[in-house]
S.K.: 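Before we start, here is the structure in question, set down as structure tokens.
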Amino acid sequence: MYNNDFIANMLDKIASLLEIKEENRFKIRAYRMAAACIRELTFSVAKIEEVKKLWEIPGIGKAIAEKIMEISSTGSCETLRSLVEEIPESLLDFLKIEGLGPKRVGILYRDLGIQNAQTLKEFALNGKIQELNGFGPKIVQKILDGLEHWEERKGRFPLDQVVPKVQSLLAAMRSIPGVTQAEVAGSSRRWKETVKDLDILVTGDKEHAGSVMDVFTAYPEVESVLSQGATKATVRWTMGIQVDLRFVDSDCFGAGMQYFTGSKEHNIALRTLAKDKGFKTSEYGLFKISGSKETKVAGQNEEEFYRCLGMDYIPPEMRENAGEIEAALSGKLPCLLEHSDICGDLQMHTTESDGKNSLEEMAQAAIALGYKFIAITDHSKAMHIAHGLDEARLLRWIETIHKTREKYPQFHLLAGVEVDILKDGSLDLEEKVLRECDVVVASV
DNA sequence: GCCGTTTTCGGCCCGACTGTTTTCAGTCG
Ligand SMILES: Nc1nc2c(ncn2[C@H]2C[C@H](O)[C@@H](COP(=O)(O)OP(=O)(O)OP(=O)(O)O)O2)c(=O)[nH]1
Ligand SMILES: [Mg+2]
Ligand SMILES: [Mg+2]
């Protein structure tokens with residue numbers, strides 16, 4: 001069964017090949033939009049049996065729906081097969097080189113017949129590439145650098161690995177004179193599990209933009225500066241992650257956050273909607289268009305930005321163009337689950353087996369978190385290394401939990417066990433003992 | 001390729017930075 005990511009990746013591959021082929025850019029965007037849209041779906045596309053059902057998904061039309069059906073059942077499609085006859089798949093790797101996009105990759109292939117890394121390096125060194133239209137010494141150097149650092153390429157980073165680093169960077173930015181705000185944006189603000197890069201928005205007086213850029217590019221973690229302009233800079237840190245900084249005026253903070261938080265697909269959908277309603281939106285604000293006149297109607301405040309477009313405020317976590325804009329327009333946005341919505345935990349270990357904290361410590365910590373109940377479910381005896389409980393120990397342990405429970409009358413301290421499922425499928429503890437538990441978790 | 005209470009054709013988000021462009025294309029966010 002081909003999953004949604006597999007199908008989306010294949011549509012993205014078709015899009016990239018079409019780009020190198022210099023197909024119509026809106027056709028290419030249609031493939032990219034369809035891919036992004038499939039990644040956001042909460043059900044498996046391959047399970048859909050009728051083309052019509054696919055077709056009903058916004059962003060997927062008749063042509064792409066049929067291709068999806070084909071990919072779902074065969075793992076590929078005719079469009080892709082005939083495309084790779086024209087445009088070698090190996091060219092797709094070149095797109096990852098800084099400074100090489102579909103146009104230049106296409107020229108390299110068509111004019112010089114370059115389709116693998118060896119010949120790319122060869123032609124970069126013998127001066128042939130530099131002679132091409134649209135190429136020069138700087139691009140050639142970037143190609144050579146890109147080939148050199150091919151193996152060091154990093155993929156996406158787990159969010160928890162980068163959060164502490166970004167907090168330190170924000171602190172450094174906030175201490176620059178003239179800076180009013182520094183916040184994390186992009187996929188980190190949308191709380192994606194992994195992020196490709198870090199996106200930082202800094203606001204302040206225009207005359208301080210230069211010093212912000214200087215501090216950012218001289219930050220200790222920086223390995224190289226990829227670009228640096230008046231309001232935007234990109235660097236790569238030694239740990240391999242890229243960091244993007246955007247600077248806007250203080251009164252553009254809301255619009256800047258809206259832009260830089262994304263997602264790209266959410267931004268495009270929102271901007272299209274704004275346009276239909278007679279507005280223009282950018283990182284500088286929301287502008288009402290009348291004739292040739294533009295009047296700024298929002299910019300400072302992100303909530304206001306959405307309100308002026310006639311919709312509820314959309315939390316960053318929902319900004320993926322997965323129906324949230326339509327929901328916000330009709331006041332039907334779902335509520336996000338908050339930490340405060342968690343009222344208990346039914347799987348917890350204590351020092352009685354392999355936990356780090358005692359029964360009382362666990363109970364008190366749960367109460368401090370605002371929980372109404374927890375279940376203590378230490379391991380059963382098959383887990384020797386975890387010092388698992390046998391029947392006799394479990395019975396005594398249940399008694400201890402019952403006694404402890406009396407100290408916390410407002411709180412539900414449940415007695416339980418995490419019982420192993422043995423190789424033959426039976427449980428590790430006798431049923432009559434398990435019956436004494438409030439909660440039994442069975443695990444393999 | 002997708003889409004539609006101003007539509008089935010003619011639009012499709014908007015802006016910054018770089019390099020080689022003598023007026024802007026390519027790439028990226
Ligand atoms: N309007 C508009 N905004 C864009 C576009 N591309 C990127 N952005 C905005 C929205 C993105 O969330 C933000 C940061 O871009 P990134 O490429 O870093 O993507 P993002 O952080 O969403 O995901 P990532 O984990 O980095 O892949 O910039 C675009 O084509 N149009
Ligand atoms: Mg990002
Ligand atoms: Mg970025």
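Here is the naming used below: chain letters follow the sequence lines, and residue numbers restart at 1 for every chain.
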S.K.: Counting side-chain heavy atoms from CB outward, which of B:dA16, B:dG1, B:dG19 is closest to A:Lys138?
M.R.: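 The answer is B:dG19, which lies nearest to the side chain.
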S.K.: Kindly say if A:Lys280 contacts the phosphate of B:dG15, meaning a side-chain N or O under 4.0 Å from OP1 or OP2.
M.R.: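 For B:dG15, OP1/OP2 do have a side-chain N/O of A:Lys280 under 4.0 Å.
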S.K.: Return the residues of residues 146-173 of chain A meeting this criterion: a heavy atom under 4.0 Å from some atom of DNA chain B. Order them by number, or give none.
M.R.: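 Nucleic-acid contacts, sorted: none.
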S.K.: Taking the side chain from A:Asp378 and the backbone from A:Val417, do they hold a donor-acceptor pair closer than 3.5 Å?
M.R.: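 Flag not set: sc A:Asp378 to bb A:Val417 has no pair under 3.5 Å.
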S.K.: Mind checking A:Ile60 for me? I need base, sugar-phosphate or nothing, with any heavy atom below 4.0 Å counting as a touch.
M.R.: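 Sugar-phosphate only.
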S.K.: What one-letter contact string describes nucleotides 23-29 of chain B from 5' to 3', where B marks a base within less than 4.0 Å of any protein heavy atom, S marks contact via sugar-phosphate atoms alone, and - marks no contact?
M.R.: ---SSSB
S.K.: Any residue in residues 287-300 of chain A with a heavy atom nearer than 4.0 angstrom to DNA chain B? Just list them by number, or reply none.
M.R.: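 Nucleic-acid contacts, sorted: none.
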S.K.: Just to be sure I understand the rule, does A:Ile268 reach a base, reach only the sugar-phosphate, or reach nothing, if contact means heavy atoms closer than 4.0 Å?
M.R.: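 Base contact - A:Ile268 has a heavy atom under 4.0 Å of at least one base atom.
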S.K.: Under 6.0 Å from the six-membered ring centre of A:Phe279 and within 45° of its axis: does the NZ or CZ of A:Lys288 meet both?
M.R.: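 Yes; both conditions hold, so A:Lys288 lies above the ring face of A:Phe279.
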S.K.: Please work out if A:Gly59 contacts a base, only the sugar-phosphate, or nothing of the nucleic acid, heavy-atom cut-off 4.0 Å.
M.R.: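 Sugar-phosphate, backbone atoms only, no base.
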S.K.: B:dC12 phosphate, OP1 or OP2: any side-chain N/O from A:Lys27 under 4.0 angstrom?
M.R.: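 So the side chain of A:Lys27 is outside the cut-off, no N or O lying under 4.0 Å from OP1 or OP2 of B:dC12.
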S.K.: Distance check needed: B:dT18 P versus A:Ile139 CD1, whole Å only.
M.R.: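 Rounding to the nearest Å, CD1 of A:Ile139 and P of B:dT18 are 12 Å apart.
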S.K.: State whether A:Ser227 places a side-chain N or O below 4.0 Å from either non-bridging phosphate oxygen (OP1 or OP2) of B:dA16.
M.R.: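 A:Ser227 to B:dA16 OP1/OP2: no side-chain N or O under 4.0 Å.
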S.K.: Would you classify A:Ala230 as touching base, sugar-phosphate or nothing, given that sugar-phosphate means primed atoms plus P, OP1 and OP2, and contacts are heavy atoms under 4.0 Å?
M.R.: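 Sugar-phosphate, no base atom in range.
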S.K.: Go through B:dC17, B:dG19, B:dC13 for me and flag the one nearest to the A:Phe26 side chain.
M.R.: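 In terms of side-chain proximity for A:Phe26, the closest of B:dC17, B:dG19, B:dC13 is B:dC13.
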S.K.: Let's see if you can work this out: which of B:dG15, B:dG1, B:dC17 has an atom nearest to the side-chain heavy atoms of A:Ala30?
M.R.: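 Of B:dG15, B:dG1, B:dC17, B:dG1 is nearest to the side chain of A:Ala30.
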S.K.: Base, sugar-phosphate, or nothing: which does A:Ile28 touch, judged by heavy atoms less than 4.0 Å apart?
M.R.: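 Counting heavy atoms under 4.0 Å across all strands, no contact is made by A:Ile28.
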